[in-house]
2 protein chains.
Amino acid sequence: MPRAAATSQKHSAPSRDAALPLIAEVFRLHGYEGASLSQLTEATGLGKGSLYNFFPGGKEQMAAEVIAEIDGWFERNVFAPLRDSADSCEGLRRMFDATEQYFHSGRRVCLVGMLALGSSRDLFAKQVHGYFERWRSALASALQRAGGERAEAGRAAEAILLEIQGALVLARAADDPGVFTRTLKRLRQNHIP
Amino acid sequence: MPRAAATSQKHSAPSRDAALPLIAEVFRLHGYEGASLSQLTEATGLGKGSLYNFFPGGKEQMAAEVIAEIDGWFERNVFAPLRDSADSCEGLRRMFDATEQYFHSGRRVCLVGMLALGSSRDLFAKQVHGYFERWRSALASALQRAGGERAEAGRAAEAILLEIQGALVLARAADDPGVFTRTLKRLRQNHIP
DNA sequence: GTCTATATAGGGATAGAC
DNA sequence: GTCTATCCCTATATAGAC
């Protein structure tokens, strides 16, 4: 990626990949169908023309690229550490830290989970499926190396993922991020010796 | 409710409260923003005129009444048994049975959870909050009567709810209802002696 | 009460000037 | 590459005939 250091200041024509996180936030706030082009232009400071120049496929392409970026972030900060850390407990720790950070301690929803539930689910089914499957698989690998039996590690990985997602739903429903932080704390205690 | 026995056959002008479940299903399939009046008219067999005659507040009122109906169903089939069963384990069993049935063993999403995540969350925040809080509270009561300490029962109730929600998200994301049934099975084993 | 027709607004998307 | 103006469509909602 041939880009210089400082990304622009959030208003006044940000570059294409500086715009992606802003687009992501609009989707998180309003959902896929709920997000309108007007909101997208306002959030990015880009006119419709520029948006369609960057993303000829319109909203659908924007969402797809947003998912891809999220997936990339998790690949670097979560999946890879889980798979590659020499000390598997260190991998788990990094997963929990990154997760807590990414979801802003429960104040930020999971866009991928939202897309899984929403009406747009079929549009992005493959990406959504891949994201969770790669997370589950990397987590299972770490749990197995931490001393678990193979089948049991797989089940535990699934359970942990689902608790994270559920905590995000409930935190939002109760308007209490504490649900999320409590859950992560409990997961750490249960799975990191 | 002054209504006779048999509700109409799903097509050709169902009555107002026969329409509600059909409306609910449209919301579940397409989300709140994703659901259009055309889809609502098609699913119910009612013209727009009739729909607005029944629900002058439009989509928002329909969704609100759908949530109220869901809430009522859970009150009767889940919350009340949890609170009132003489044998608290019997209450837990009835909760898990009703939950598995309601969500069609993981093939049906939780509309209330969806609304919690989506852009419409502020519109229905109070109802969403109330639904989960009453569930949590009833469940905590049962767990406490089953022999748990008060604070611990509260935490366990929160954890169970969140696992159910997370399982629904992941089941949809993975397109594998088994995630949900496995989770419920595990929860039964862990909490029903 | 139920329908058809219509009003009005906003959606996504494109064309073309700059 | 970026904007403005515009296209077409579908959305929600309403009016009025029956």
Side-chain angles (χ1 to χ4, degrees), chain A residues 1-4 7-20 22-67 115 118-120 122-124, chain B residues 1-4 7-20 22-24 26-66 115 118-120 122-124:
Chain A
M1 48 169 98
R3 293 192 63 260
T7 52
S8 53
Q9 292 280 0
K10 179 183 240 178
H11 288 103
S12 306
S15 67
R16 179 199 154 97
D17 52 344
L20 263 181
L22 303 171
I23 293 172
E25 208 53 30
V26 174
F27 282 131
R28 267 188 279 264
L29 281 172
H30 302 95
Y32 178 70
E33 355 276 339
S36 72
L37 268 292
S38 339
Q39 293 166 327
L40 263 357
T41 59
E42 186 167 3
T44 57
L46 263 43
K48 295 187 186 182
S50 304
L51 279 178
Y52 274 92
N53 180 46
F54 285 152
F55 310 98
K59 257 174 76 169
E60 186 174 337
Q61 185 181 351
M62 294 186 216
E65 297 206 17
V66 162
I67 304 178
L115 291 173
S119 69
S120 39
D122 29 354
L123 276 179
F124 310 109
Chain B
M1 51 169 93
R3 292 195 62 259
T7 53
S8 52
Q9 292 281 3
K10 180 183 239 180
H11 286 105
S12 303
S15 67
R16 179 199 153 95
D17 51 346
L20 263 182
L22 304 171
I23 294 172
V26 174
F27 282 131
R28 267 188 279 265
L29 280 172
H30 302 95
Y32 178 70
E33 355 276 338
S36 73
L37 268 293
S38 339
Q39 293 165 327
L40 263 357
T41 60
E42 186 167 2
T44 57
L46 263 43
K48 296 187 186 182
S50 304
L51 278 179
Y52 275 94
N53 180 45
F54 285 153
F55 310 97
K59 255 173 75 169
E60 185 173 336
Q61 184 181 350
M62 295 185 216
E65 297 206 17
V66 163
L115 292 173
S119 70
S120 40
D122 29 355
L123 276 178
F124 310 109

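Chain letters run A, B, ... following the sequence lines, proteins first and then strands; every chain starts at 1. Computed from a prediction, not measured in an experiment: that's the story for all the values here.
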For the pair made of CD in B:E42 and C1' in D:dT12, what is the distance, rounded to whole Å? 17 Å
Side-chain contact test, heavy atoms from C-beta onward, threshold under 4.5 Å: evaluate it for A:Y52 versus A:L37 and give yes or no. yes
Any donor-acceptor pair under 3.5 Å from B:K48 side chain to B:L40 backbone: no
Determine the contact category for A:G47: base if any of its heavy atoms lies under 4.0 Å from a base atom, sugar-phosphate if only primed atoms, P, OP1 or OP2 are that close, otherwise nothing. sugar-phosphate
Please round to the nearest 0.5 Å and tell me the distance separating atom CG of A:D17 and atom CD of A:E65. 10.0 Å
Are any of the side-chain heavy atoms of B:F124 and B:V66 separated by less than 4.5 Å? no
Would you indicate what B:G58 reaches in the nucleic acid, counting non-hydrogen atoms under 4.0 angstrom: base, sugar-phosphate, or nothing? sugar-phosphate
Can you tell me if B:Y52 touches the phosphate of D:dT14, counting only side-chain N or O atoms and a distance under 4.0 Å to OP1 or OP2? no
Separation of B:I23 CD1 from B:R28 CZ (nearest 0.5 Å): 11.5 Å
Pairing donors with acceptors under 3.5 angstrom, does anything connect the side chains of B:D122 and B:S120? no
Return the angle between end axes of the helix from C:dG1-D:dC18 to C:dC18-D:dG1, with five pairs used per end and rounding to 10°. 10°
A side-chain contact here means heavy atoms from C-beta on lying under 4.5 Å apart; do A:L20 and A:M62 qualify? no
Distance, rounded to the nearest Å, where A:L51 contributes CG and D:dT4 contributes P: 13 Å
A:S50 side chain near D:dG1 phosphate (N/O to OP1/OP2, under 4.0 Å): no
Spacing of A:F55 atom CZ relative to D:dG1 atom C1', expressed in whole Å: 14 Å
Which atoms of nucleotides 9-11 of chain D (N or O only) lie under 3.5 Å from a protein N or O atom, and what are those distances?
{"from": "D:dA11", "atom 1": "OP2", "to": "B:S38", "atom 2": "OG", "distance (Å)": "3.3"}

Starting from C1' on C:dG12, measure out to CG on A:N53 and report it in whole angstrom. 17 Å
Pairwise side-chain contact, A:E60 with A:Y32, heavy-atom cut-off 4.5 Å (strictly under): yes
Figure out the CG/P separation between B:L46 and C:dT4, and round it to whole Å. 12 Å
Rounded to whole Å, how long is the line connecting atom CG of A:L123 with atom P of C:dG12? 14 Å
Taken to the nearest 0.5 Å, the spacing of B:L51 CG from B:L46 CG works out to 5.0 Å
